[in-house]
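The structure under discussion appears below in the form of structure tokens.
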Number of protein chains: 2
Amino acid sequence: MASPRPYHHGSLREALIESALTLIAEVGPQAFTLREVARRAKVSHNAPYRHFRDKDELLAALAAEGFERLTVYMNRSAAAGLNALDRFRFSGRGYVEFALEWPQHFQVMFDWPACMAKYPEYNAAGKAAFETLLGFVIAAQGDNGLPKGDPQPLALLAWSVVHGVAKLAVSGHLPFEAARVLEFTRYAVESMLPACSS
Amino acid sequence: MASPRPYHHGSLREALIESALTLIAEVGPQAFTLREVARRAKVSHNAPYRHFRDKDELLAALAAEGFERLTVYMNRSAAAGLNALDRFRFSGRGYVEFALEWPQHFQVMFDWPACMAKYPEYNAAGKAAFETLLGFVIAAQGDNGLPKGDPQPLALLAWSVVHGVAKLAVSGHLPFEAARVLEFTRYAVESMLPACSS
DNA sequence: ACCTGAACACCGTTCAAGT
DNA sequence: ACCTGAACACCGTTCAAGT
């Protein structure tokens, strides 16, 4: 993929994000190091500063990328649903699947709040992910699967439920193996639904 | 409180935990530093190693302490309930209140899983906190507020819901100020309950 | 423009030494 | 026992310099 160039890359930024994602998946955000990212991308330890103001800005880019991938997971899982309400339910399963597969990436997205809030890229990606969920709620409302009215509380409720399951599972506080976590997700999402039905 | 002694303390361990708790509340777990803890406790930067094997062991002690305080919050909030079902509901409010008041401490408890799992003190404290919640479920079952049967899934469901609300609120992803978060908690807990009613 | 090496002020952790 | 200072191998970040 990479063509030989003056020093190293034509697109160091992408290479750095790539290295950073695999590093973070290996060691987690605590042990994540800018210098190690540079080493893996075969550049000097401060070449990254040409593309990111500091470590936080790289982490914000990773988090934003994470929200896009999370959206893909939700959409892919939802596609298995037979109707709008079903797709809404399945999107929550996709959410938890993402967290189980990429726990460290998931952590960067949600556990670095102070550093992230100032990066518009991060905020936009988070907003887009939520709007995907909101879309499933609205579709289910149109389909009479959910009561009409403001879809936002319903979407926030669904988000809270799947986020709680995902977070507890990832931190090892649920007494289930991975497959059972998805069953439990289903149980949790359905427990929440009756309150919404018209 | 502290009496003059040979070098500094009679009870350096407690002083270190105290310093660590205020430091972590100020700067968060990312910026938390063992050397700064020592500085604040007025001891040399490696005096802590007499009481903790390494930084992780101190963090595990903080997390364990956090679970005990979380339990106090749940019990205190539940005491306002008029019956067993009500106390169960209110305990969830206490959970979220703790997270909102001590977000960084809450983060240490749940976002350092790899480091923590090996410390029995941490596991025991987490288990005790969960058993408090389980106790509220069982009491509500006895009071006919919740259906009989295995209380564990109900307790895990409740935990997931309040944990999700707490985590999203703390990371700035809920569009509410603190007071509204507690209202939303109530809404979330009640949305989950109908599925449990007999 | 993009990359480099040297430098600075910090970490966590270890170790030999003091009382 | 409990504490100390010096030391080691790391960080994130800055800066003057190379092509």
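Letters A, B, ... mirror the listed sequences (proteins, then strands); counts begin at 1. On a predicted model such as this, the values are computed, not experimentally measured, just so you know.
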Is a salt bridge present between [X] and [Y], judged by a nitrogen-to-oxygen distance below 4.0 Å?
X       : Y      : value
R39(A)  : E36(A) : yes
R69(A)  : E65(A) : yes
D143(B) : R87(B) : no

Summarise protein proximity over nucleotides 11-16 of chain D in one line of letters, 5' to 3': B for base, S for sugar-phosphate only, - for none, counting protein heavy atoms closer than 4.0 Å. SBBBB-

Would you tell me whether Y73(A) and W102(A) have side-chain atoms, one donor and one acceptor, within less than 3.5 Å of each other? yes

Searching all strands shown, indicate the nucleotide that pairs with dC11(C) (Watson-Crick or G-U wobble; both distances under 3.5 Å). none

What is the base-pairing partner of dT4(D), counting Watson-Crick and G-U wobble geometry with both distances under 3.5 Å? dA16(C)

Contact summary for L59(A) and V108(A), nearest pair of heavy atoms: O-CG1, 3.7 Å

Which whole-number value in Å describes the distance from Q30(B) CD to dC10(C) C1'? 17 Å

